[in-house]
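See below for the structure under consideration.
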There are 2 protein chains.
Amino acid sequence: MVRLRAHSGCERRTGVDETVAGQARAPVRGAGPRGVEAAGPKGTVTERAIEQIKAMIAEGRLEPGERLPTERDLAARLGISRSSMREAIRALTVLGVLEARHGSGIYVTQLEAGDLLETFGVVADLSRGPQLVELLEVRRILESTATALAAARITEGELAEVEKHLAAMNATDDPEEILSHDLAFHRAIVAAAGNETMAAILEGLSSRTFRARVWRGYQEEGAFARTRREHAAIHRALVAHDPEAARAAAAAHVGEVEEWLRTQLRG
Amino acid sequence: MVRLRAHSGCERRTGVDETVAGQARAPVRGAGPRGVEAAGPKGTVTERAIEQIKAMIAEGRLEPGERLPTERDLAARLGISRSSMREAIRALTVLGVLEARHGSGIYVTQLEAGDLLETFGVVADLSRGPQLVELLEVRRILESTATALAAARITEGELAEVEKHLAAMNATDDPEEILSHDLAFHRAIVAAAGNETMAAILEGLSSRTFRARVWRGYQEEGAFARTRREHAAIHRALVAHDPEAARAAAAAHVGEVEEWLRTQLRG
DNA sequence: ACCATGGAGTTGGTCCGACCACTACGACCG
DNA sequence: CGGTCGTAGTGGTCGGACCAACTCCATGGT
């Protein structure tokens, strides 16, 4: 035990400046014991900044597509450092609320379903175990309803798009390509349902990595044939414009995977 | 139009160094023309850091609840500055993936539905116009199914919780309190459905600010009586353990608001 | 008159280093 | 043995410097 500390009255830090003029930063902020100052008593300054920007948008002081002031401006305006402001902006960027264009400025996104629900994919990618089953259950509910809606509304052009991917899926043996067209098949159907918000949620629930994780094992068990039959059933219902048949077919389709995953977790 | 921008000249910055020894920062990084170096050619370093941390969790190298290395460590490990690393961490924090405890460290959350879907509320808070209708349609689909599931599974204890809020809601005239118990009423039902993921999504779709925005106008039109009747119908179906009746009652309940909002947008 | 071009200024992206605030853990003292 | 007080360690904040990408306009050639 060397024991080389203590020696009271030491200078700890300090004594290192003198390179630059002493930082006259005595009365920075928080000098008072959090008295009647202006700053809200909430959490970190960054969190406060996030809330304030969100509030600006919610209150309509910032319209979708509109450009925000500079990072430097914003920071000065809220009385925080640019670093903290950047953290706030980054946070809102990953949430799909803001969009930063290097050299140009920061803009509010269109706040459409696709923008805001992109993060939904993260949930699907990081969930595991029983949570995956719950996620599939949600997908079953939404996708079956969406498919039913699509059966009632789908146009000739949209149906052609669906059939294109259905044919492509049946014409190849490359798992990668099958997965791609499988995704596109369902995406085309959901798009025909006419609810972009639902489509965006389902997009997240069917994200590439999510499906790759679950379907890998599923299809290795020779489920290709069954998948094909189920897709055909969904397609028939769409052609017949039969919502209830479409709902049942879609629910069964997702339900199959769901049930398989459930047994996997038990074993 | 004053247009007092410009004001050319002015020495801007530069000429301020010389306080510290010249920064011998010539060959920092990126010296080579992005040749065969290690760094991925993707977007900003921060985005890369976000993806890498996410990957660490997805691959199981970081377990839920586990503590991460220091910000300083992490930054050094990925070869980026602490500032950039902090932005990445902040982003994952707002996504509900990480949790920072001041003075202690950074931890992976339990990655449960509630953690990851908290951001869903942002969508509801920032959506407007037609998107609100789409959001309500999603809620109608999910909530009606959840209520049906609850009717089949609900226990005596859970039913008592539901009835508590139903009674409290009918016993007051304070809109604030009604809203609170209304939320709790539906929350208790959805909880009885047994799918935490669905519950978390519906929680976001019924966030306080969201409901306040829509409900305000809706209830001002004297919809209290109707709301009460609908709640009673839902309750009856739960008591009778009748899933289909519960589904219909819940769908009608949300559908009423949905339809009202639709007319609002037209007018 | 019109368009390509180039440079200057603006703005986000990255980095550094310092200091502050909080926590955890262990030595010290009663 | 248990409470107390430091101290080291960690996230939080700050300010400044420089880099890289974009914008806009003056310039000059066609």
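These values consider heavy atoms only, across backbone and side chains, with no hydrogens, waters or symmetry-generated copies. Chain letters run A, B, ... following the sequence lines, proteins first and then strands; every chain starts at 1.
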Among D:dC14, C:dG12, D:dG12, the one nearest any side-chain atom of A:Ser81 is D:dC14

Of the candidates D:dC14, D:dC18, D:dG11, the side chain of A:Arg82 sits closest to D:dC18

_Please determine whether a side-chain nitrogen or oxygen atom of B:Thr44 lies at a distance below 4.0 Å from atom OP1 or OP2 of C:dG12._
no

- Item | Side-chain ion pair, B:Lys54 and B:Glu51, N-O less than 4.0 Å | yes

Atom CG of B:Leu78 and atom P of C:dT14 are separated, to the nearest Å, by 13 Å

Q) Parallel, tilted or perpendicular for A:His165 and A:His181, by the 30°/60° rule? A) tilted

Taken to the nearest whole Å, CD/A:Glu71 to P/D:dA21 is 16 Å

_Distance test, side-chain N/O of A:Arg67 to OP1/OP2 of D:dT23, below 4.0 Å_ = no

In whole angstroms, the gap separating P of C:dT23 from CD of B:Glu99 amounts to 13 Å

* To do: Under 4.0 Å between any heavy atoms, over every strand shown, what does A:Ser83 touch: base, sugar-phosphate, or nothing? Just pick one.
  => base

The single option from B:Arg90, B:Arg77, B:Arg86 that satisfies salt bridge (charged side-chain N to carboxylate O under 4.0 Å, His left out) with B:Glu71 is B:Arg86

Ordered by number, residues from residues 101-110 of chain A within less than 4.0 Å of DNA chain C (heavy atoms) are A:Arg101, A:His102, A:Gly103, A:Ser104, A:Gly105, A:Ile106

Self-check item: side-chain N/O B:Ser84 vs C:dC15 OP1/OP2, d < 4.0 Å
Solution: yes

Polar side-chain atom of A:Glu87 near backbone of B:Glu87 as donor-acceptor pair, under 3.5 Å:
no

Review point. Below 4.5 Å, heavy atoms only, C-beta onward: do B:Leu98 and B:Tyr107 meet side chain to side chain?
Key: no

Atom CD1 of B:Ile89 and atom C1' of C:dT14 are separated, to the nearest Å, by 16 Å

Which of C:dG12, D:dT10, C:dC15 is nearest the side chain of B:Thr70? It is D:dT10

Whole-Å distance, B:Glu87 CD to C:dC15 P, equals 10 Å

Between CE of A:Met85 and C1' of C:dG13 the distance, given in whole Å, is 16 Å

In short, side-chain hydrogen bond (donor to acceptor under 3.5 Å, both in side chains) pairs touching residues 110-123 of chain A with sequence neighbours left out are none

Rounded to whole Å, CZ of A:Arg86 lies from P of C:dG12 at a distance of 9 Å

A:Arg90 atom CZ is separated from C:dC15 atom P, nearest whole Å, by 11 Å

Closest to the side chain of B:Arg72, out of C:dT14, D:dC18, C:dC19, is C:dC19

Residues passing the side chain to side chain contact (heavy atoms under 4.5 Å, CB included) test with A:Ser180, sequence neighbours excluded, are A:Arg208

